[in-house]
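Before any comments, here is the structure.
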Amino acid sequence: MHRSPDIDDAPSLATLGPAARGVVRALLLGGPLTRAELARRLGLSPASLTKTARPLLVSGLISEGAALVSEQRGRPGAPLVLDAARHQFIGVKLTADEVFAVRADARGRVDVSQSVQIESTEVTAVVAELVAIVNEIGGDHRIQALGIGLAGEQTRFDDTVRRNHYLGWDQVPLAQLVEEATGIPTVLSGDARALTAGVQWSGPGKGMSELAVLTVGVGIGLGIVLEDKVLSGPSGLVGMIGHHRISDSGPLCELGHRGCASSYLTTAAITAAIGVPHGRVDIDLAQGCALAADGDPVARRVLADAGRALGVIIAQLVNILGLPAVILAGDGLELLSYAEDSMQAALAEHLDPVARRPKVVAFTSGFDEWARGAAVVACQWLLDPPRHRYTRP
């Protein structure tokens with residue numbers, strides 16, 4: 001196995017008590033922080049923070065940085081620092097065709113990434129590919145936890161794959177199978193939720209306590225952060241946006257729903273809507289965008305309709321949840337070059353008059369970014385209070 005204590009002897013985050021987990025999490029999100037600021041964020045008295053921080057300092061889990069320059073009188077406070085690089089995690093994004101894996105530190109900074117094609121979606125074959133790539137990128141590093149993001153109805157911290165239509169899996173105990181083969185504590189998450197965790201932990205959403213991540217591409221995904229926590233709901237079904245109604249007179253999706261988000265925004269829906277009027281079935285998204293660039297009226301209309309659908313969804317998210325920011329991600333973002341104007345127009349039209357217009361950010365995110373989010377989920381799993389194993393109603 002690749003766990004060598006000689007490489008990294010930092011105490012495992014899994015051994016920490018609730019108060020210590022809170023200190024580490026605050027330092028990961030906003031550190032370095034002075035004792036005064038850390039106590040304020042955690043709602044602790046100075047004496048309680050000193051008591052909590054002392055064993056962390058003694059163990060070397062955190063340290064004191066250089067004193068901060070202060071304009072106020074008195075000795076400037078020395079910030080507390082967590083060396084995130086000493087804590088290594090592996091994140092995996094699993095699709096029906098490929099395994100994408102990264103090794104990252106506790107802040108989600110990626111040290112190495114790798115991918116491998118899947119020859120078969122049979123469970124044993126996929127697990128073998130997962131184990132091989134985890135052992136390869138783990139090397140001699142001590143890996144504290146492994147996170148796997150994939151489609152399906154997983155809760156925030158789960159062990160079982162449920163209703164993954166791409167792999168054809170249901171009720172597959174994937175975390176147990178991988179953990180038994182690697183010896184690494186393993187947790188599962190919905191892929192959009194994992195991407196959202198990475199975006200909020202150390203991506204374009206860093207420092208935001210409320211935001212949404214909306215993904216477009218093969219499918220449509222939604223992750224929501226409220227009060228600094230990625231939502232999952234009691235059954236893991238938060239973010240089921242794919243068949244949300246956009247228009248009563250729109251196109252049909254593959255399930256026969258008229259005018260839902262999937263009928264406008266999935267790659268398959270867009271390419272079919274462009275290709276059918278041209279008598280073609282071989283158009284991909286890049287070719288559809290190229291047609292739009294050349295002035296093709298069908299391509300331009302289809303992409304404008306996709307933009308309007310995005311604008312409606314964003315407006316409704318803001319109207320209901322009051323979100324200040326929406327991050328757009330996924331492998332279908334190429335459409336924004338020809339859809340942004342209609343997106344912004346629809347957002348303005350459907351936004352409540354008293355709602356604040358959100359910040360909308362396009363985040364180019366390859367599958368490595370989704371895998372990085374799964375590594376962040378693994379770190380958050382160890383720090384989650386209470387740090388229980390998987391639960392599902």
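Positions are given from 1, in the same order as the sequence printed here. Quantities reported herein were computed from a predicted structural model and do not represent experimental measurements.
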### Query
What is the minimum heavy-atom distance between L347 and V360, and which atoms define it?
CD2-CG2, 4.3 Å
### Message
With heavy-atom distances below 4.5 Å as the criterion, would you say the side chains of V23 and L16 are in contact?
### Response
no
### Message
Which residue in the set L383, D384, L13 passes side-chain contact (heavy atoms from CB on, under 4.5 Å) when paired with R21?
### Response
L383
### Any donor-acceptor N/O pair, R107 side chain to L28 backbone, under 3.5 Å
yes
### salt_bridge(E64, R35) N-O dist < 4.0 Å
yes
### Task
Measure the spacing between CG of L252 and OG of S262 and express it to the nearest 0.5 Å.
12.5 Å
### Query
Is there a donor in the side chain of R372 and an acceptor in the side chain of S113, or the other way round, less than 3.5 Å apart?
no
### Query
Between I314 and L231, is there a shared hydrophobic cluster once you connect ILVMFWY residues whose side-chain heavy atoms come closer than 4.5 Å?
yes
### Message
For S263 versus A269, what's the shortest heavy-atom pair and its separation?
### Response
O-CB, 3.5 Å
### Query
Considering only heavy atoms from C-beta outward, does the side chain of Q344 approach that of R357 to under 4.5 Å?
yes
### Query
Okay, side chain of N319, backbone of H350: is any donor-acceptor separation there less than 3.5 Å?
yes
### Query
Looking just at side-chain N and O atoms, do D228 and Q200 make a donor-acceptor pair shorter than 3.5 Å?
yes
### Message
Show, in sequence, the C-alpha distance, side-chain angles and deciding distance for I62 and L27, and conclude whether the side chain to side chain contact (heavy atoms under 4.5 Å, CB included) test is met.
### Response
CA-CA 9 Å; I62 64 175; L27 290 176; 3.8 Å; yes
### Message
Nearest 0.5 angstrom please: R308 CZ to E349 CD, how far?
### Response
9.5 Å
### Task
Give, for atom CD of Q316 and atom NE2 of H244, the distance between the pair rounded to the nearest 0.5 Å.
3.5 Å
### Query
Once the angle between the rings of F367 and F100 is folded into 0 to 90°, is it parallel (under 30°), tilted (30 to 60°) or perpendicular (over 60°)?
tilted
### Query
Can you tell me if S45 and S48 form a side-chain donor-acceptor pair at under 3.5 Å?
yes
### Query
Hey, mind stepping through D305 and R301 against salt bridge (charged side-chain N to carboxylate O under 4.0 Å, His left out) and telling me if it holds?
CA-CA 6 Å; D305 286 347; R301 176 61 183 270; 3.3 Å; yes
#### Entry: Same cluster (ILVMFWY, side-chain, under 4.5 Å), W381 and L61
yes
### Message
With heavy-atom distances below 4.5 Å as the criterion, would you say the side chains of V131 and V127 are in contact?
### Response
yes
### Query
Can V199 be reached from I220 by stepping across I, L, V, M, F, W or Y side chains whose heavy atoms are under 4.5 Å apart?
no
### Query
Okay, side chain of Q154, backbone of R162: is any donor-acceptor separation there less than 3.5 Å?
yes
#### Entry: Nearest non-hydrogen partners of F89 and A375, listed with the distance
CB-O, 4.0 Å
### Message
Are T182 and I143 packed together at the side-chain level, in the sense that at least one heavy-atom pair is separated by less than 4.5 angstrom?
### Response
no
#### Entry: Shared hydrophobic cluster, W370 / V116 (ILVMFWY, side-chain heavy atoms < 4.5 Å)
no
### Query
Under a 4.5 Å side-chain heavy-atom rule over Ile, Leu, Val, Met, Phe, Trp and Tyr, are I274 and M343 clustered together?
yes
### Summary
Separation between CG (L303) and CZ (R300), nearest 0.5 Å, reads 9.0 Å
### Task
For residues L174 and L130, determine if any side-chain heavy atom of one lies less than 4.5 Å from a side-chain heavy atom of the other.
yes
### Query
Do L177 and T186 have side chains that get closer than 4.5 Å, going by heavy atoms?
no
## Note on the structure
Which of V326, I246, V318 passes side-chain contact (heavy atoms from CB on, under 4.5 Å) with I313? Answer is I246
### Task
With the side chain counted from C-beta on, respond yes when R258 and D248 share a heavy-atom pair under 4.5 Å apart, and no when they do not.
no
Contacts under 3.5 angstrom, residues 206-214 side chains, donor-acceptor by atom type, not counting sequence neighbours:
from: K206; atom 1: NZ; to: L29; atom 2: O; distance (Å): 2.8
from: E210; atom 1: OE2; to: E227; atom 2: N; distance (Å): 2.9

### Query
Quick one: does D191's side chain have a donor or acceptor within less than 3.5 Å of a partner on G149's backbone?
no
### Task
Check whether more than 12 heavy atoms from other residues, nucleotides or ligands sit under 6.0 Å from atom CZ of R163, and answer yes or no.
no
#### Entry: 4.5 Å side-chain heavy-atom contact, R40 and E37
yes
### Query
Could you walk me through whether V216 and L328 pass the side chain to side chain contact (heavy atoms under 4.5 Å, CB included) check?
CA-CA 8 Å; V216 294; L328 302 179; over 6 Å; no
### Message
Given 3.5 Å as the limit, does a donor-acceptor pair link the side chain of T215 with the main chain of A329, or not?
### Response
no
### Task
Please report the closest heavy-atom contact between V377 and S189, naming both atoms and the distance.
CG1-CB, 4.0 Å
### Query
Which heavy atom of T121 sits nearest a heavy atom of W169, and at what distance?
O-NE1, 2.8 Å
### Query
side chain to side chain contact (heavy atoms under 4.5 Å, CB included) between L33 and L80: does it pass, once the steps are laid out?
CA-CA 5 Å; L33 296 171; L80 296 178; 5.9 Å; no
## Note on the structure
All heavy atoms of I137 vs all of A101, minimum pair found to be CD1-CB, 3.7 Å
### Task
Hey, could you give me the NE2/CZ distance between H257 and R245, rounded to the nearest 0.5 Å?
8.5 Å
### Task
Given side chain to side chain contact (heavy atoms under 4.5 Å, CB included), test L82 with L56 step by step and report yes or no.
CA-CA 10 Å; L82 180 119; L56 298 177; over 6 Å; no
### Summary
dist L310:CG -> L265:CG (nearest 0.5 Å) comes out at 4.5 Å
Quiz: residues 284-294 side-chain donor-acceptor pairs under 3.5 angstrom, not counting sequence neighbours:
from: D284; atom 1: OD1; to: A286; atom 2: N; distance (Å): 3.3
from: D284; atom 1: OD1; to: Q287; atom 2: N; distance (Å): 2.8
from: Q287; atom 1: OE1; to: D284; atom 2: N; distance (Å): 2.9

### Query
Under 3.5 Å, is there a donor-acceptor pair between the D111 and H141 side chains?
no
